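Data block below; observations after.
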Amino acid sequence: MSKKPAYEPLPIQFYNKPTLELAKALLGCLLVKETDEGICSGYIVETEAYRGPHDRAAHSFGNRRTKRTEVMFAEAGRVYTYTMHTHTLINVVSADVNIPEAILIRAVEPYEGLDLMETRRPGRQPREWTNGPGKLTKALGITSDDYGKLFTEWPVYITAGYLPTHISSGPRIGIDNTGEARDYPWRYWITGNTYVSRR
DNA sequence: TGTGCGATGCTCT
DNA sequence: GAGCATCGCACAC
């Protein structure tokens, strides 16, 4: 079942840093997904941090522990997928065991497997392939089957990319009904990148 | 270029 | 049965 990744994933130690710091460190890294159809990858250009215990907008707010949030209580570097309507969203679990924090990957810049992405996102402009959390999972072939896996192993993993020249931050998107948590500037993106979900 | 809203399915109460 | 960390189309400007 388990295969060897085509590229060398970042070591598990990479994820061992504070959530907000990791959210910024992930920018510019390459997110890779291997399937039977081939390899697809893209540079992470936009992330959002969700800090369970004190963050009203997080699914794990107040340490709420359910079948869905369970993986956030595990060690950093695991995959947390969440189904939103008809879409799948992908998060990177962060922080220590029993501290349910995670980072949502909101947008990537297509790098490898462009033909495959086009067949998965037919009739769209290249920028529309991956400039949203639900879109990028579709383009890369990430599904809820990836829930709970490690980002250091096949078939879904993160490798070194490039160092962003400048990073911007601001309030998160799509969480208008969560009181003061809505204003936390925990959304990060690579300044000027055309693939972020909002310009 | 921006805002509004309906479709849609899964999880938790 | 309610509530959503969305998307894509329609319409206004």
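All chains are named by letter (A, B, ...) in the order of the sequence lines, taking the proteins before the strands, and each is independently numbered beginning at 1. Quantities reported herein were computed from a predicted structural model and do not represent experimental measurements.
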Is A:L104 touching bases, backbone alone, or none of the nucleic acid, heavy atoms closer than 4.0 Å?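 If one applies the 4.0 Å heavy-atom cut-off, A:L104 turns out to touch a base.
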Please classify the nucleic acid contact of A:Y80 as base, sugar-phosphate, or nothing, using heavy-atom distances under 4.0 Å.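 If one applies the 4.0 Å heavy-atom cut-off, A:Y80 turns out to touch a base.
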Drop me the distance from A:I103's CD1 to A:L22's CG, to the nearest 0.5 angstrom.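 Those atoms lie 3.5 Å apart.
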Looking at [X], does any N or O in its side chain come under 4.0 Å of the phosphate oxygens OP1/OP2 on [N]?
X: A:R106; N: C:dT6; result: yes
X: A:N177; N: C:dC4; result: yes
X: A:R121; N: C:dG8; result: yes
X: A:T83; N: B:dG9; result: no
X: A:K138; N: C:dC7; result: no
X: A:R64; N: B:dT13; result: yes

Are A:H59 and the base of C:dA5 stacked, counting only ring centres nearer than 5.5 Å and planes tilted under 30°?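 Here A:H59 meets both the 5.5 Å and the 30° conditions.
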With centres under 5.5 Å and planes under 30° as the test, does A:Y82 stack with C:dA5?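 Here A:Y82 fails the 5.5 Å or the 30° condition.
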Between B:dC12, C:dC7, C:dC9, which one does the side chain of A:R68 approach most closely?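 Of B:dC12, C:dC7, C:dC9, B:dC12 is nearest to the side chain of A:R68.
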Among B:dT8, C:dC9, B:dC12, which nucleotide has an atom closest to any side-chain atom of A:T86?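 That would be B:dT8.
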Would you mind checking if [Y] and [X] are paired as a salt bridge, meaning a charged N to carboxylate O distance below 4.0 Å?
X: A:E21; Y: A:K24; answer: no
X: A:E37; Y: A:R120; answer: yes
X: A:E128; Y: A:K135; answer: yes

[atom1] of [X] versus [atom2] of [N]: gap in Å, rounded?
X: A:R65; N: B:dT11; atom1: CZ; atom2: C1'; value: 17 Å
X: A:L89; N: B:dT11; atom1: CG; atom2: P; value: 14 Å
X: A:E48; N: C:dT6; atom1: CD; atom2: P; value: 8 Å
X: A:E70; N: B:dC12; atom1: CD; atom2: C1'; value: 15 Å
X: A:D176; N: C:dG3; atom1: CG; atom2: P; value: 16 Å
X: A:H87; N: C:dG8; atom1: NE2; atom2: P; value: 6 Å
X: A:K135; N: C:dT6; atom1: NZ; atom2: C1'; value: 9 Å
X: A:M84; N: C:dT6; atom1: CE; atom2: P; value: 5 Å

Regarding A:E109 and A:Y111, is there a side-chain donor-to-acceptor distance under 3.5 Å anywhere?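 No, no side-chain donor-acceptor contact under 3.5 Å.
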cation_pi(A:R56, A:Y184) dist<6.0 Å, angle<=45: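 Relative to the ring axis of A:Y184, which defines the angle, A:R56 lies outside at least one limit.
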With both distances under 3.5 Å as the test, what is the Watson-Crick or G-U wobble partner of C:dA5?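 For C:dA5, the partner nucleotide comes out as none, under the 3.5 Å rule.
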